[in-house]
Each structure stands twice: as C-alpha cells, then as structure tokens.
Amino acid sequence: MSANRPAAVVVLAAGEGTRMKSKTPKVLHEIAGRSLVGHVVSAARELGPEQLVVVVGHAREQVEAHLGEHYAGTRTAFQAEQNGTGHAVRMGLEELGGVWGSSPAAGSGGGTVVVVCGDTPLLSGATLSALAETHSADGNAVTVLTAEVPDSTGYGRIVRDATDAVTAIVEHKDATDEQRAIREINSGVFAFDGQLLADALTKVRTDNSQGEEYLTDVLGILREAGHRVGASVAGDHREILGINNRVQLAEARKLMNERLLEQAMMAGVTVVDPASVIIDVTVTFEPDSVVHPGTQLLGATHIAEGAEVGPNSRLTNTTVRAGARVDNTVADSATVGEGASVGPFAYLRPGTRLGAKAKAGTFVEMKNSSIGEGTKVPHLSYVGDATIGEYTNIGAASVFVNYDGESKHHTTIGSHCKTGSDNMFVAPVTVGDGAYTAAGSVITKDVPAGSLAVARGQQRNIEGWVARKRPGSAAAQAAAAATQQVAEEN
Ligand code: UD1
Ligand code: CA
C-alpha cells in the first residue's frame with residue numbers, strides 16, 4: 001500500500017464509448033479475463049485510498065451490477081448526462097460529500113484526489129503510486145501523468161511554456177495544427193489537491209468543440225490562480241493506452257498478455273512461444289512449469305511445478321498439479337492430479353477430478369467424475385457422473401450411459417478393475433473392486449467384487465453362408481481359396 005495514501009480515487013466510467021460500436025458499455029469490454037473498469041479499479045485499490053468512487057452513467061444498471069458482482073462495496077456516483085470528464089469528476093466528488101461536496105468549504109484541505117479514466121486498463125498500481133508520491137513531494141495543486149507517444153491522435157496534448165512548465169492541456173479536437181504536432185499527451189490520470197479541484201471545477205466552462213466540461217481545463221485554471229502545476233512522464237507510454245475502439249482493445253490485450261507472460265517467465269515458467277499463448281490476469285503458475293504453443297489459460301487456472309500444458313489447449317478454471325501432462329486438450333473447471341496425463345485430444349468438462357498418475361487419453365470426454373490414483377481411461381470414451389477407484393483400467397470405446405432422457409445417474413467402479421473394450425455402463429450401476437467385464441458388454445446390473453461380467457449375445461458361425469448367398473463374389477472366391485489351401489495342407 002502506498003505511503004501516500006490518497007483521500008479518494010475517482011474512476012470515470014460514465015461514457016458510452018460510441019467508438020466501440022457495441023451494445024456493451026465500453027468499460028465492460030474485457031481483456032485478459034477482466035473488464036476494462038475492473039483493471040482500473042484493481043490498480044486504484046493498490047493505492048489503498050480512503051474512498052473510491054466510480055462515476056457511472058451510460059448503462060448504469062449494467063455497470064453497477066458488474067461492480068457489485070466483482071468489486072463488492074465499490075461506491076458509485078451517477079452522472080445522468082455525459083457532459084464531460086470535468087462534470088463527471090464533479091458528480092464523483094458530490095457523491096463523496098464532505099469537504100468536496102457541492103458547497104466546498106474553501107481552504108479546508110481534504111487531501112489528495114486521484115482521477116483515472118475507466119478505459120486505461122494497462123495502468124499499474126505502481127505508476128499510480130509514483131504519481132501520488134511526486135504530487136505530494138513537489139507540493140503541487142495538480143500533477144498530471146503524461147507520456148510521449150508515437151501517435152498522439154485523439155489524445156489531449158500537453159502544452160508547455162519556454163521554461164518547460166505545463167500551461168494547459170488542449171484536446172485533439174480543439175488543438176491548432178502546431179499543438180497537434182505535440183507528442184506528449186494527457187493519460188487522463190491526475191493527482192489533485194481535493195479542495196482546489198472542487199473549487200476549480202465550478203469554474204470550468206463548456207466553450208469548446210464538444211460543448212463539454214473538460215477536466216483538463218482545471219490545469220489552466222489552477223495555474224492562472226498561481227498554483228503549482230506538475231507533470232510526471234510515464235516511463236512506458238504503452239501503459240497509458242486509452243481504449244476508444246476495438247483496434248485499441250486488441251492492442252491493449254496484446255500488451256497486457258505480454259506483460260503477464262513476462263512476469264510468468266521471470267518467475268521461472270517456460271513459455272515456448274509467447275506470441276501464441278493467451279492468459280488471463282487470474283492465472284497462476286509454479287516455477288518449472290511449461291506452456292507449449294497455441295495454448296489459452298483462462299480464469300483461475302493454476303499450473304503447478306513441472307507440469308506441461310499444450311500445445312493447442314484451452315484450460316479454464318482448471319488446476320494442473322505437479323508433473324502432470326496436458327496435451328491438445330480443452331478443460332473447464334477440472335483438476336488434473338500429480339503426474340497425471342491428459343490427451344492428446346481430450347475434453348474435461350466441469351467437475352472432472354483426475355487423481356495422481358491417472359490418465360484421460362485420446363478422444364476421451366469426462367464430466368462430473370472422480371478418477372482415482374493410477375486409473376486409466378486411455379481411448380475413445382465418455383465418462384459422465386462417475387466415481388472410479390484406484391488402478392482400474394477402462395477399456396477402449398467405453399460409454400458411461402448416464403442419461404435416461406430425464407435424469408442423470410451415477411456409475412461407481414471400484415479399484416483394480418479391468419473393464420473390457422466397448423462397454424456400456426448403464427447408470428445407476430456399480431462394479432465392485434477387482435471385477436472384470438467382457439468386451440462388448442452392456443452392463444445394466446451391479447457386478448460383484450472379483451467377478452467377470454459378460455453381457456453380450458453369444459457368437460454363432462453359419463458355415464458356408466457366403467458361398468450360398470453371395471456366389472461368385474470376391475468374398476466367395478477368397479473363402480474358396482482359403483478352404484482349398486487348408487485341404488491341401490492336410
Ligand atoms: C480523455 C481526455 C484526454 C486524454 C484521454 C486519455 C478530457 C476532456 N480528455 O479524452 O485529454 O488524452 O482521455 O485517454 O478529459 N467519461 C465520463 N463522463 C463523461 C465523459 C467521459 O465518465 O461525461 C469517462 C469515460 O467513460 C471514459 C473517460 O471518462 O472512461 C474518458 O472519456 P473519453 O470520452 O474516452 O475521453 P477521451 O476523448 O479519450
Ligand atoms: Ca478515452
């Protein structure tokens with residue numbers, strides 16, 4: 001938590017984000033498994049502010065419901081009409097009340113207020129802390145976080161005088177050609193003296209190209225009133241990327257992904273081809289895990305020490321324990337035990353729990369099932385709603401028939417069983433410990449421990465059938481040749 005704990009953080013998230021051309025409000029678009037506003041709120045929380053308020057407006061119910069679900073306790077302020085960023089901050093301060101309310105008590109202090117936009121998801125808590133620190137160390141009335149960007153189109157430009165002091169921020173739409181050439185831009189992040197901010201906001205006018213109250217005008221107002229205006233240049237301009245359209249959304253996703261993978265690699269994870277791996281902020285790793293190309297790790301997925309995932313896999317909310325191998329697999333809400341093996345070409349659906357050294361092999365689908373230690377389901381099978389003990393082998397092409405058209409039923413198979421290939425286990429059914437089942441069996445009745453269950457039609461051979469029913473066919477000729485050869489050998 002920052003030593004310069006601000007009195008409040010105001011997050012601006014009331015805009016529609018028309019340039020996104022979306023039914024979803026801009027701040028609820030996601031990158032790396034978290035909404036844009038979620039990234040900003042998370043970074044803001046790292047500052048440990050006394051108060052945090054998110055200004056909402058467009059699709060208010062949706063944004064508030066999202067914050068309530070993921071960031072419980074987050075306060076919101078309502079900006080009924082999106083009259084600009086200055087107006088939005090005014091609404092935020094009103095919600096916070098006290099010294100910043102609608103009738104500010106002049107000169108009563110009130111501490112630092114940090115303002116961030118809800119559409120800058122790459123901003124880190126560390127950068128916010130550094131800004132708050134510079135702000136108080138320099139004794140500024142306002143400190144703006146700026147950056148030198150290769151393309152400043154669309155951003156507010158930082159105008160400096162001959163002594164390099166910041167004099168104003170001019171919005172792209174209001175800028176002269178000369179100002180548009182400036183590459184230092186406003187990130188939309190500020191630290192303010194709360195009291196001076198509240199006072200200055202009452203003086204912001206709307207005589208600009210958009211007819212809005214610009215927060216950025218506060219800088220000029222404070223400077224003209226003789227207050228200290230400072231700027232802090234971000235070390236990495238990519239961190240302040242603002243999302244206004246889907247091209248920038250994709251760019252931010254890529255940058256965030258690179259940052260997350262870099263952290264993982266620095267912590268000892270081998271990522272064979274970072275460019276083809278996608279991860280969410282909530283994914284965790286242990287050192288010496290390996291991620292192969294074409295892999296997506298989403299939600300609360302955890303990859304333990306020495307485990308290898310990929311290539312070409314998508315794991316959501318899945319735990320892969322130490323030394324396990326997951327290859328060409330889709331898994332959701334599953335647990336893969338220590339040293340277990342999954343795939344290639346497996347589908348683990350919610351509630352799959354593979355024990356240590358267990359196997360879900362090629363073309364195997366599992367759902368809501370517990371597979372004991374050392375148990376193998378190697379080929380072409382569906383295991384649904386089942387409990388299987390330890391060191392059992394399930395034959396190829398087995399189906400756990402769990403659905404009778406109305407409800408799902410459970411199958412229990414014991415430990416050290418060997419079930420034959422092409423078995424149907426018609427649930428509810430139980431196979432006892434150490435039991436065997438014959439290939440091609442449809443198991444509808446419980447199998448006692450240690451028995452062999454055979455549940456299939458008896459084989460009947462009708463000799464000479466081909467010669468009689470398919471005379472002259474290739475099959476008949478082959479059969480005749482084989483019969484003759486046997487006769488000659490005798
Ligand atoms: C803003 C800044 C610009 C800066 C850029 C950085 C102003 C006037 N301009 O421009 O200097 O370079 O961000 O990304 O401040 N919002 C509200 N209520 C409103 C208007 C906006 O809550 O009435 C919110 C939006 O939801 C958004 C944020 O404020 O999260 C910024 O608004 P946006 O319209 O994206 O501003 P920019 O044009 O990007
Ligand atoms: Ca923006």
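Numbers for residues simply follow the sequence, beginning at 1.
Between Ser35 and Glu30, the side chains place no donor N or O within less than 3.5 Å of an acceptor N or O (distance only, hydrogens not considered). Residues Lys26 and Asn244 have side chains that bring a donor and an acceptor to within less than 3.5 angstrom of each other.
Under the 3.5 Å distance criterion, the side-chain polar atoms of Tyr403 are left unmatched by any main-chain donor or acceptor of His409. Of the possible donor and acceptor atoms, none in the side chain of Ser398 sits under 3.5 Å from a partner among the backbone N and O of Ser381. Here the side chain of Ser129 pairs a donor or acceptor atom with the backbone of Gly125 at under 3.5 angstrom. Side chain of Thr352 to main chain of Met366: a donor-acceptor pair is present (N/O by atom type, distance under 3.5 Å, no hydrogens or angles). Between the side chain of Ser473 and the main chain of Ala476, a donor-acceptor pair closer than 3.5 Å is present. With hydrogens and angles ignored, the 3.5 Å screen pairs no side-chain donor or acceptor of Ser152 with any backbone N or O of Val149. Put simply, the side chain of Asp280 gets close to the backbone of Gly33: a donor and an acceptor are under 3.5 Å apart. Within the 3.5 Å criterion, the main-chain N or O of Ser124 finds a donor-acceptor partner in the side chain of Glu239. A donor-acceptor distance shorter than 3.5 angstrom exists from the side chain of Thr301 to the backbone of Leu315, with no hydrogens or angles considered. Side-chain atoms of Thr392 never come within 3.5 Å of backbone atoms of Gly389 as a donor-acceptor pair (strictly under, hydrogens ignored).
Ile243 and Gln248 make their closest contact through CD1-O, 3.4 Å (heavy atoms, listed as atom of the first residue, atom of the second, distance). Heavy-atom minimum distance, Met20 versus Arg246: O-NE, 2.9 Å.
A salt bridge links Glu95 to Arg75: at least one charged side-chain nitrogen sits closer than 4.0 Å to a carboxylate oxygen. Between Glu365 and Arg349 there is a salt bridge, since a side-chain N of the basic residue sits under 4.0 Å from a carboxylate O of the acidic one. Looking at Lys254 and Glu258, a side-chain N of the basic residue comes within less than 4.0 Å of a carboxylate O on the acidic one, giving a salt bridge.
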Problem - Step-by-step side chain to side chain donor-acceptor pair (under 3.5 Å) determination, Gln82 to His58 - result: CA-CA 8 Å; Gln82 283 70 68; His58 175 80; 5.3 Å; no
Exercise for the section: With side chain to side chain donor-acceptor pair (under 3.5 Å) as the test, would you mind laying out the steps for Ser370 and Arg353 before giving the verdict? Expected result: CA-CA 5 Å; Ser370 269; Arg353 294 174 302 276; 2.8 Å; yes
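Here side chain to side chain donor-acceptor pair (under 3.5 Å) pairs that include residues 410-420, with residues two or more places apart or in two chains, are Thr387-His410.
The side chain to side chain contact (heavy atoms under 4.5 Å, CB included) test with Arg314 singles out one residue from Leu297, Asp332, Leu298, and that residue is Leu298.
Under the 30°/60° scheme for interplanar angles, the aromatic rings of Phe345 and Phe363 are found to lie parallel.
When the salt bridge (charged side-chain N to carboxylate O under 4.0 Å, His left out) test is applied to Asp385, the partners found at least two apart in sequence or on another chain are Lys367.
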